[in-house]
Chemist: 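The structure follows.
Position 1 is the first residue of the sequence, and the numbers go up from there. Worth saying up front: this structure is predicted, and the values here are computed from it rather than measured.
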Amino acid sequence: MPKAKGKSRRHKYSYNLNRKRLYRSARRRAAPRIACSHIRHAWDPHKSVAQNLAEMGLAEDPNKAVPIPKKLLGMEVESDGQQLGKKIVRKPYVVNEMELEASLPEKKSNTLSRDLIDYVRYMIQNHGENYKEMARDEKNYYQDTPKQIKRKINVYKNFYPEEYKDFIASLKPEKMEVQ
């Protein structure tokens with residue numbers, strides 16, 4: 001098998017490249033990235049990660065913070081009853097703010113596109129519950145099968161149940177007038 005091209009070529013040393021600056025910027029990038037704003041504001045860059053987290057009352061290592069009892073491991077060993085000394089929490093507001101934020105109810109951000117809502121309403125308005133007829137409709141641009149259309153209608157029903165009931169209720173008087 002032939003050698004890869006360029007492997008035998010001598011590499012030239014670049015005298016103009018500042019390697020100290022490259023090393024320094026790589027070390028700077030290695031600093032921890034903090035996602036939580038509460039922790040970010042209370043963070044002291046002059047202290048280590050373990051010291052910062054201990055001051056906030058957070059655990060650095062979850063295995064050390066909540067150890068598995070020996071009884072669960074199958075070994076029953078009597079303990080002396082001595083617990084490790086409690087660490088002083090200097091910034092308890094961080095944990096309190098995080099607990100408050102976690103207790104807030106989550107907003108439902110699930111919505112359907114306006115195009116899909118219009119498509120489903122058009123199909124129900126013109127064809128009712130006949131999915132095979134919906135599949136043959138000229139507005140079925142994506143050539144959905146009857147099952148795919150049924151699934152889209154069910155998604156619409158689940159996302160907007162009140163709106164769907166109102167829409168169906170508004171269709172019934174129209175059908176009575178036609179007869």
Chemist: Do L112 and Y156 have side-chain heavy atoms sitting under 4.5 Å apart?
Modeler: yes
Chemist: Could you name each residue pair satisfying side chain to side chain donor-acceptor pair (under 3.5 Å) that touches residues 92-102, not counting sequence neighbours?
Modeler: H38-E97, H38-E101
Chemist: Determine whether V120 and K157 make a side-chain contact, defined as any pair of heavy atoms from C-beta on separated by less than 4.5 Å.
Modeler: no
Chemist: Is F167 close to Q125 at the side-chain level, that is, under 4.5 Å between some pair of heavy atoms?
Modeler: yes
Chemist: Can you tell if the side chain of I39 reaches within under 4.5 Å of the side chain of H41, non-hydrogen atoms only?
Modeler: no
Chemist: Taking side chain as C-beta onward, heavy atoms only, is N52 less than 4.5 Å from M56?
Modeler: yes
Chemist: Do Y160 and E162 meet the criterion of a side-chain donor-acceptor pair at a distance under 3.5 Å?
Modeler: no
Chemist: Quick check: closest heavy atoms across Y141 and E138, and the distance to 0.1 Å?
Modeler: CE2-O, 3.7 Å
Chemist: Looking only at side-chain N and O atoms, does Y119 offer a donor or acceptor that is under 3.5 Å from a partner on N140?
Modeler: yes
Chemist: Please find the pair of heavy atoms, one from T145 and one from A135, that lie closest to each other, and give the distance.
Modeler: C-CB, 4.4 Å
Chemist: Check whether any side-chain heavy atom of M134 sits under 4.5 Å from a side-chain heavy atom of D144, and report yes or no.
Modeler: no
Chemist: Can you see which heavy atom on E55 is nearest to which on V89, and at what distance?
Modeler: O-CG1, 3.5 Å
